[in-house]
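The structure appears below as structure tokens.
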Number of protein chains: 2
Amino acid sequence: MHHRYLEELRQRGYRITPQREIIIQAVADSTAHLTAEDVLKLIRPRSEAINIATIYRTLEMLVEEGLVIRSDLGQGQAVYAPQQHGPHIHLVCRHCGEVIAADHTMADSLQEQIRARYHFEADFTHITIFGLCAQCQSQEK
Amino acid sequence: MHHRYLEELRQRGYRITPQREIIIQAVADSTAHLTAEDVLKLIRPRSEAINIATIYRTLEMLVEEGLVIRSDLGQGQAVYAPQQHGPHIHLVCRHCGEVIAADHTMADSLQEQIRARYHFEADFTHITIFGLCAQCQSQEK
DNA sequence: CTTAGTGCAAAGGATTTGCAAGCCC
DNA sequence: GGGCTTGCAAATCCTTTGCACTAAG
């Protein structure tokens, strides 16, 4: 009921409103990637009245505070996931839309090469890679 | 004047209209990633009248035919580039917006690991990786 | 009390679509 | 001339924003 994010945010000067409590509970405890619409549906049973604009504003605030990650999975909607899930690679099947959360340490070598050759600090937190999942590979003509 | 894409498309049953000729010339010869708006501006000198909807439809057709790649560089607009440029990794600086075209063979090992562990056929053609470029790393507090 | 946060509705930007007219083959 | 293409405008979709009202601290 009292998520640690709430204390964290209060200390950073944010006001803890009932809306924020509900939204944060829904997002922080989710193991999936949620769209703003998903959050709305999730919290509907608990609160009829929270507006979609408030959800966007709260999610944006959480992203700015580094508590939540926003990714674009190519489906035209942004998705949000708690940072605490730890970084991972999103393998998105462009055929069936399935999202596989893959071990991000596989990218360590690539990250190092990019650093060495381009002096570019690549962010492999919640990166998205498109392709075909095992099932859809066999189905493709 | 007569781009090879035109013959290619005619053979596949598409009609070659003046609009398509102009759009294809602009995109096929571009070394940059173009948005639909960019294409509109590029061709304006040559043709005042081409509608943005036609540009979107033509680009979409080229993507479906595999002649052009569409990527999302996170700027809210899709960008298009000829497939013939060869695959490369987009390193997008999330601070200044710069896009570095990096050697995609750096990702070969990652691709192989993903295949082995997840049976997922990752598409590293024109993939996008966000991060910080050399200049912006020093500027960040 | 002070002012951040909310709800509502309207605005926004990119892309898509319906439809009648146009033109490629 | 058949039907793929175009132009135009309207429609969509997701997200943001202006503003008056509410409520957290």
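Residue numbers start from 1 in every chain, and the chains themselves are labelled A, B, ... in the order their sequence lines are given, proteins ahead of strands.
Scanning all heavy atoms of the two residues, the minimum distance from A:Ala32 to A:Ala81 falls at O-CB, 4.3 Å. B:Ala102 approaches B:His88 most closely through the heavy-atom pair O-CB, 3.2 Å.
Atom-to-atom, CD1 of B:Ile50 to C1' of C:dC23 comes out at 15 Å; the value is rounded to the nearest Å. The CD atom of B:Gln19 sits 9 Å away from the P atom of C:dC23 (whole-angstrom rounding). When rounded to the nearest whole Å, the span between CD of A:Glu21 and C1' of C:dG5 equals 14 Å. Rounded to whole Å, the distance from CZ on B:Arg57 to P on C:dG22 is 16 Å.
Both B:Ile16 and A:Ile23 sit near DNA chain C, but only A:Ile23 has its closest nucleotide nearer the 5' end.
OP1 or OP2 of C:dT3 has not a single side-chain nitrogen or oxygen of A:Arg15 nearer than 4.0 Å. For C:dG7, one of the phosphate oxygens OP1 or OP2 lies less than 4.0 angstrom from a side-chain nitrogen or oxygen of A:Thr54.
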Exercise for review: Give the intermediate values and the outcome of side chain to side chain contact (heavy atoms under 4.5 Å, CB included) for residues A:Gln135 and A:Glu98.
Suggested key: CA-CA 10 Å; A:Gln135 292 83 56; A:Glu98 188 191 2; 3.7 Å; yes
Review point. Given B:Gln111 and B:Glu121, is the side chain to side chain contact (heavy atoms under 4.5 Å, CB included) satisfied, shown in steps?
Key: CA-CA 8 Å; B:Gln111 184 172 36; B:Glu121 197 57 39; 4.3 Å; yes
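Of the charged side-chain nitrogens involved, at least one lies within less than 4.0 Å of a carboxylate oxygen, so that B:Glu8 and B:Arg12 count as a salt-bridged pair.
You'll find that the side chain of A:Asn51 is closest to C:dC8, out of C:dT6, C:dC8, C:dC25. Listed nucleotides C:dT17, C:dC25, C:dG5 differ in distance to A:Arg20; the shortest reach to its side chain belongs to C:dG5.
Interface limits on DNA chain D: the 5'-most and 3'-most nucleotides within less than 4.0 Å of chain A heavy atoms are D:dC14 to D:dG25.
A:Thr105 and A:Asp108 form no side-chain donor-acceptor contact under 3.5 Å, judged by distance and modelled atom types alone. Between the side chains of A:Tyr14 and A:Glu65, at least one donor N or O lies within less than 3.5 Å of an accepting N or O.
At a threshold of 4.5 Å between side-chain heavy atoms, the hydrophobic network of Ile, Leu, Val, Met, Phe, Trp and Tyr places A:Val79 and A:Tyr56 in two separate groups.
The six-membered or imidazole ring of B:His104 lies away from that of B:His90, with a centre-to-centre distance of 6.0 Å or more.
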Extract from the structure each pairing of a protein N or O with an N or O of nucleotides 14-16 of chain C at less than 3.5 Å, listing the distance.
residue : atom : partner : partner atom : Å
C:dA14  : OP1  : B:Gln77 : NE2          : 3.3
C:dT15  : OP1  : B:Ala78 : N            : 2.7
C:dT15  : OP2  : B:Tyr56 : OH           : 2.3
C:dT15  : O5'  : B:Tyr56 : OH           : 3.3

